[in-house]
Amino acid sequence: MDFEVSIKAHKDWKVKLKNYLKKPDGSLKSAEVCLDNKCQLGQWIYGGGVRWDSLTEYATLKSEHAKFHKCAADIIIKADSKQKMNEEEMLGDNSDFGKISTNVIDAILKIKSKV
């Protein structure tokens, strides 16, 4: 598992969502984004990473990662509904997305130090 690639991939979601908020063109599907087992990290969590499921850090990563995908999917749903949204409120450091994103990265770093 390349944790650095996973960190970058999760950071890249902010850019994807920022662009999508500006132009919700249907290219992102909330039903797909909400699935936390399709990305590289999710495949590791539900695959090879299961052997670490006794670690608190694993449970935290699994939980925060699921929240991340749910939050990203919710943003897509709002964008698709043409709701007026403030980018900073949706994606900024103090937004739910910003906090959960930080939690995921912190959790990745903690599990990386254990495995």
Side-chain angles (χ1 to χ4, degrees):
M1 174 64 190
D2 188 334
F3 292 107
E4 295 305 318
V5 169
S6 290
I7 289 171
K8 183 180 178 337
H10 280 83
K11 286 181 178 180
D12 288 348
W13 268 103
K14 184 173 183 175
V15 174
K16 286 181 196 177
L17 292 171
K18 180 180 177 178
N19 291 334
Y20 197 78
L21 287 175
K22 290 177 184 173
K23 185 180 178 192
D25 59 4
S27 61
L28 296 178
K29 308 290 185 209
S30 63
E32 294 171 8
V33 172
C34 74
L35 301 174
D36 68 331
N37 64 344
K38 300 298 182 188
C39 66
Q40 180 190 18
L41 180 59
Q43 289 175 0
W44 180 82
I45 290 170
Y46 291 99
V50 170
R51 66 182 170 183
W52 305 103
D53 68 353
S54 63
L55 296 176
T56 303
E57 293 85 356
Y58 174 88
T60 299
L61 175 60
K62 185 176 179 182
S63 172
E64 292 301 317
H65 185 249
K67 288 178 193 175
F68 175 89
H69 279 272
K70 168 105 174 62
C71 186
D74 289 345
I75 291 169
I76 293 166
I77 290 169
K78 288 176 183 173
D80 286 343
S81 70
K82 309 295 187 215
Q83 291 182 32
K84 182 95 171 137
M85 292 178 285
N86 178 295
E87 182 182 312
E88 183 63 25
E89 289 176 10
M90 298 305 296
L91 302 173
D93 292 343
N94 291 320
S95 69
D96 288 342
F97 178 84
K99 291 173 186 174
I100 293 168
S101 184
T102 297
N103 291 346
V104 168
I105 292 168
D106 289 346
I108 291 170
L109 292 171
K110 286 178 182 170
I111 196 81
K112 178 183 174 186
S113 72
K114 294 285 185 168
V115 301

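- A donor-acceptor contact shorter than 3.5 Å links the side chain of S95 to the backbone of M90.
- Note that the CG atom of N103 and the NZ atom of K67 stand 7.0 Å from one another [nearest 0.5 Å].
- E57 places no side-chain N or O within donor-acceptor distance of the main-chain N or O of K110, the cut-off being under 3.5 Å.
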Kindly determine whether L61 and W44 satisfy side-chain contact (heavy atoms from CB on, under 4.5 Å), including the steps that lead there. CA-CA 11 Å; L61 175 60; W44 180 82; 4.0 Å; yes

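- Checked by atom type and distance alone, the side chain of Y58 pairs as donor or acceptor with a backbone atom of I45 at under 3.5 Å.
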Stepwise side-chain contact (heavy atoms from CB on, under 4.5 Å) check, L21 with L91: CA-CA 10 Å; L21 287 175; L91 302 173; 3.7 Å; yes

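- Note that the CD atom of E64 and the CG atom of D36 stand 12.0 Å from one another [nearest 0.5 Å].
- Here the side chains of M1 and Q40 are in contact, with some heavy-atom distance below 4.5 Å.
- Between the side chains of D25 and Y20, not a single donor N or O lies within less than 3.5 Å of an accepting N or O.
- With contacts defined as side-chain heavy-atom distances shorter than 4.5 Å, the pair D12/K8 qualifies.
- Residues Q43 and N37 come closest through the heavy atom pair CG-O, 3.4 Å.
- In this structure, the separation between CD1 on I76 and OG on S27 is 8.5 Å, given to the nearest 0.5 Å.
- Around atom CG of D74, more than 12 heavy atoms belonging to other residues, nucleotides or ligands sit under 6.0 Å away.
- One distance of note links NZ of K99 with SG of C71; it measures 11.0 Å at 0.5 Å rounding.
- Following chains of ILVMFWY side-chain contacts shorter than 4.5 Å, one cannot reach L35 starting from L17, and the two form parts of different hydrophobic clusters.
- Classification of the W13-H69 ring pair by plane angle, with boundaries at 30° and 60°, yields perpendicular.
- In this structure, F97 and K14 have side chains that are in contact, with non-hydrogen atoms separated by less than 4.5 Å.
- In this structure, H10 and C39 have side chains that are in contact, with non-hydrogen atoms separated by less than 4.5 Å.
- Here the CG-NE2 distance, from L41 to H65, works out to 4.0 Å after rounding to the nearest 0.5 Å.
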Steps toward side-chain contact (heavy atoms from CB on, under 4.5 Å) verdict (L109, F3): CA-CA 8 Å; L109 292 171; F3 292 107; over 6 Å; no

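- A donor-acceptor contact shorter than 3.5 Å links the side chain of K29 to the backbone of G26.
- A donor-acceptor pair under 3.5 Å links the side-chain atoms of T102 to the main chain of G98, judged by distance alone.
- Residues E32 and K38 form no side-chain contact, since every pair of their non-hydrogen atoms from C-beta on lies 4.5 Å or further apart.
- Within the model, atoms CG of D93 and CD of E88 stand 7.0 Å from one another, a figure rounded to the nearest 0.5 Å.
- D53 has its side chain within reach of V50: a pair of non-hydrogen atoms, C-beta onward, lies under 4.5 Å apart.
- Surrounding NZ of K16 are more than 12 heavy atoms belonging to other residues, nucleotides or ligands, all under 6.0 Å away.
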Could you check N19 against K23 for side-chain contact (heavy atoms from CB on, under 4.5 Å), going step by step and ending with a plain yes or no? CA-CA 6 Å; N19 291 334; K23 185 180 178 192; over 6 Å; no

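- Y46 and V5 fall into different hydrophobic clusters, where Ile, Leu, Val, Met, Phe, Trp and Tyr side chains are chained together by heavy-atom contacts under 4.5 Å.
- Judged by distance alone, with hydrogens and angles left aside, the side-chain atoms of S63 form no donor-acceptor pair with the main-chain N or O of T60 at under 3.5 Å.
- Shortest non-hydrogen contact noted between P24 and D80 is CB-OD1, 4.0 Å.
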